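So that the names make sense, note that chain A is the first sequence line, chain B the second, and so on, each numbered from 1. Only this structure's heavy atoms are used, side chains among them; waters, hydrogens and symmetry mates stay out. In this text, all values refer to a predicted model and were calculated from it rather than measured experimentally.
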Amino acid sequence: MRATLALVSVATCLTFLAPALTGDDDFPISSHPMYATARSDRAELITAEAFDSTGAVVPLTMEVIAATDDPLIAEQRMRNAAASDDADGTCRAIADRAPDSVTRIEIVAVVYDLRAFVSGETTPATRQALAECTTR
Amino acid sequence: MSGPTASWIAWLVPQRDVRDVRLWSRWAGAILLGYLVVRSQALTSRPQTWEPVGVLAATNGPLPKLVLIGLWAISMIWALALSLRARRFERILSPAAAIALVVLLTHRSSTGQILWFDILMLVHLVIVAISTLSNDQLVAGWVLRLAGLITVITYVLAGVAKLRIGGTAWVAQGALETHIAWSATRLEVLGGTASPFAGPLVELGVASTPLALVVLAIELGAPIALINRRLALLWSAAAWLMHVGIAASMFVVFHWPLTGAAFVPLVLAASRDEWTDRP
């Protein structure tokens with residue numbers, strides 16, 4: 001029995017080690033590439049901006065923007081919406097979740113200088129509107 | 001059988017107290033229970049986008065909500081049985097719970113973003129499920145050693161990926177700082193709240209090359225935890241502190257290592273008389 005169990009261990013370890021050579025990223029056999037890139041200082045994010053009837057910005061929570069509290073999922077969900085040309089549908093879904101004071105939503109692609117952002121410079125380097133919708 | 005092969009087999013399948021595995025199972029069950037409660041909505045919701053991975057790779061769309069709730073419920077009852085040491089329920093439910101967790105967590109990672117922090121937990125829980133089927137001391141030792149090996153492999157892979165993808169720039173060009181700044185920016189822009197430590201850390205530049213080297217040393221140095229119990233404890237403490245740092249600076253919580261569940265088998269697999277180096 002001992003030799004059989006040892007063989008199972010060796011086979012299991014080799015299976016999980018394989019992505020070190022192949023670089024494959026699957027689930028649960030993964031190369032674990034989290035935070036592995038030498039990321040640029042500038043980055044693009046897709047998000048939603050909300051406005052009330054006077055045109056003032058209304059802050060939205062992550063739950064309203066992407067129906068999740070996980071930033072990794074929220075980022076991917078918004079990126080997928082833009083990539084699949086579904087910014088309009090995403091805009092309407094966010095409008096349904098938005099607080100009553102919101103009258104207009106914009107889905108935007110914003111580029112930030114990351115180091116400047118954490119130092120307080122929160123104006124994006126570029127901002128492109130992808131979709132716009134009204135709440136009701 | 002004798003010689004090096006026998007030694008390796010004895011190391012891979014050591015004889016250990018069954019109570020050690022039970023201790024880890026109980027711990028793992030409690031953490032799983034908390035995870036399933038906190039993530040209940042995400043785990044039982046049908047996603048808008050579908051990019052299937054793993055065992056669900058051949059599927060055309062998300063699973064029906066009722067199926068997801070069923071898988072979640074089986075996992076919950078099993079987690080409860082584990083944490084309360086309800087041995088009979090544990091054993092009966094283990095095979096179904098292992099399958100349920102594989103499908104449920106694969107489903108959650110099939111929405112366009114693989115959730116790497118779920119992987120070690122899932123593999124460990126499948127190993128826990130196998131452990132409940134036996135009271136043999138050899139199986140106990142095998143389970144703990146295999147789980148410890150998977151922990152080590154996970155960290156080594158993460159280190160290798162940084163060198164393969166980021167290269168030397170990951171260490172030399174302040175990639176860690178940029179990741180902290182990226183996490184903070186992403187949180188703020190997507191409606192969350194960034195860590196108050198992110199700004200000062202990036203501005204002061206304390207998260208540059210030395211910290212990147214420490215991270216790489218912890219990840220690539222994980223195999224030292226297999227040498228003896230003292231080194232297993234030492235490495236586990238270093239890895240745990242790294243996760244505390246990640247949680248504090250980036251608000252990214254790796255629940256399995258932060259609760260210690262990832263490291264317990266590594267420590268318990270080492271023999272109690274391996275506190276000192278082997279002669």
- prompt: Would you call A/Arg115 and B/Glu177 a salt bridge, using N to O less than 4.0 angstrom?
  reply: yes

query: Looking only at heavy atoms, which two atoms of B/Ile119 and A/Pro28 are closest? And how far apart?
result: CG2-O, 3.3 Å

Most contacts with chain B, counted as non-hydrogen pairs under 4.5 angstrom, among A/Pro124, A/Gly23, A/Ala43, A/Ala48: A/Gly23

message: On a heavy-atom basis, which atom in A/Leu72 and which in B/Ile114 lie closest, and how many Å separate them?
response: CD2-O, 4.5 Å

message: So for A/Pro33, is it side chain, backbone, both, or neither that comes closer than 4.5 Å to the heavy atoms of chain B?
response: both

query: Quick one: are B/Leu12 and A/Ser9 in side-chain contact, heavy atoms under 4.5 Å?
result: yes

- prompt: Is A/Arg79 close to B/Thr49 at the side-chain level, that is, under 4.5 Å between some pair of heavy atoms?
  reply: no

field: A/Asp25 portion near chain B, given a 4.5 angstrom heavy-atom threshold
entry: both

task: Counting only heavy atoms closer than 4.5 Å, note whether B/Val171 contacts chain A via side chain, backbone, both or neither.
output: neither

- prompt: Of the backbone (N, CA, C, O) and the side chain (C-beta and beyond), which part of A/Ser119 lies under 4.5 Å from a heavy atom of chain B, both, or neither?
  reply: both

- line: Okay, B/Val123 and chain A: the region with an atom under 4.5 Å from a heavy atom over there is side chain

Nearest heavy atoms of A/Phe16 and B/Ile150, plus distance in Å: CD1-CD1, 3.8 Å

- line: Shortest non-hydrogen pair, A/Ile65 vs B/Gly191, comes out as CD1-N, 4.0 Å

field: Qualifying side-chain hydrogen bond (donor to acceptor under 3.5 Å, both in side chains) pairs with a residue from residues 147-170 of chain B, counting only residues at least two apart or across chains
entry: B/His124-B/Thr151, B/Tyr155-B/His243, B/Lys162-B/Glu219

statement: Highest number of heavy-atom pairs under 4.5 Å with chain B among A/Met78, A/Glu75, A/Glu63, A/Arg77 belongs to A/Glu75

- request: With the side chain counted from C-beta on, respond yes when A/Met62 and B/Leu187 share a heavy-atom pair under 4.5 Å apart, and no when they do not.
  value: yes

Side chain, backbone, both or neither of B/Ala10 within contact of chain A (heavy atoms, under 4.5 Å): both

message: Report which part of A/Ser40 has an atom under 4.5 Å of a heavy atom belonging to chain B: side chain, backbone, both, or neither.
response: backbone

message: Given heavy-atom pairs under 4.5 angstrom as the criterion, report whether the side chain, backbone, both or neither of B/Thr178 touches chain A.
response: both

- prompt: So which of A/Asp86, A/Asp69, A/Thr90, A/Val8 has the biggest tally of heavy-atom pairs under 4.5 Å with chain B?
  reply: A/Asp69

- prompt: So which part of B/Leu115 gets closer than 4.5 Å to some heavy atom of chain A, the side chain, the backbone, both or neither?
  reply: both

message: Applying ring-ring contact (aromatic ring centres under 6.0 Å, His included) as the test, list every pair that has at least one member in residues 86-133 of chain A; sequence neighbours left out.
response: A/Tyr112-A/Phe117

- prompt: At a heavy-atom separation under 4.5 Å, does A/Asn80 approach chain B through its side chain, its backbone, both, or neither?
  reply: side chain

- line: Heavy atoms of A/Ala38 and B/Ala175 approach each other most closely as CA-CB, 4.1 Å

Nearest heavy-atom neighbours spanning A/Val118 and B/Glu203: O-OE2, 3.9 Å

query: Is any side-chain heavy atom of A/Arg2 less than 4.5 Å from a side-chain heavy atom of B/Leu138?
result: yes

query: In terms of heavy-atom proximity below 4.5 Å to chain A, should B/Pro196 be classed as side chain, backbone, both, or neither?
result: neither

- prompt: So which part of A/Ala66 gets closer than 4.5 Å to some heavy atom of chain B, the side chain, the backbone, both or neither?
  reply: neither

Residue from B/Val143, B/Leu146, B/Val13 passing side-chain contact (heavy atoms from CB on, under 4.5 Å) with A/Leu5: B/Val13

Within-4.5 Å side-chain heavy-atom neighbours: B/Leu122 and A/Phe27: yes

message: Is A/Ile29 close to chain B through its backbone or its side chain, or both, or neither, when contacts mean heavy atoms under 4.5 Å?
response: neither

message: Quick check: do A/Met34 and B/Phe254 have side-chain heavy atoms less than 4.5 Å from each other?
response: yes

- prompt: Measuring heavy-atom distances to chain B, does A/Val10 have an atom under 4.5 Å in its side chain, in its backbone, in both, or in neither?
  reply: side chain

message: Need one label for B/Val189: side chain, backbone, both or neither, based on atoms under 4.5 Å from any heavy atom in chain A.
response: both

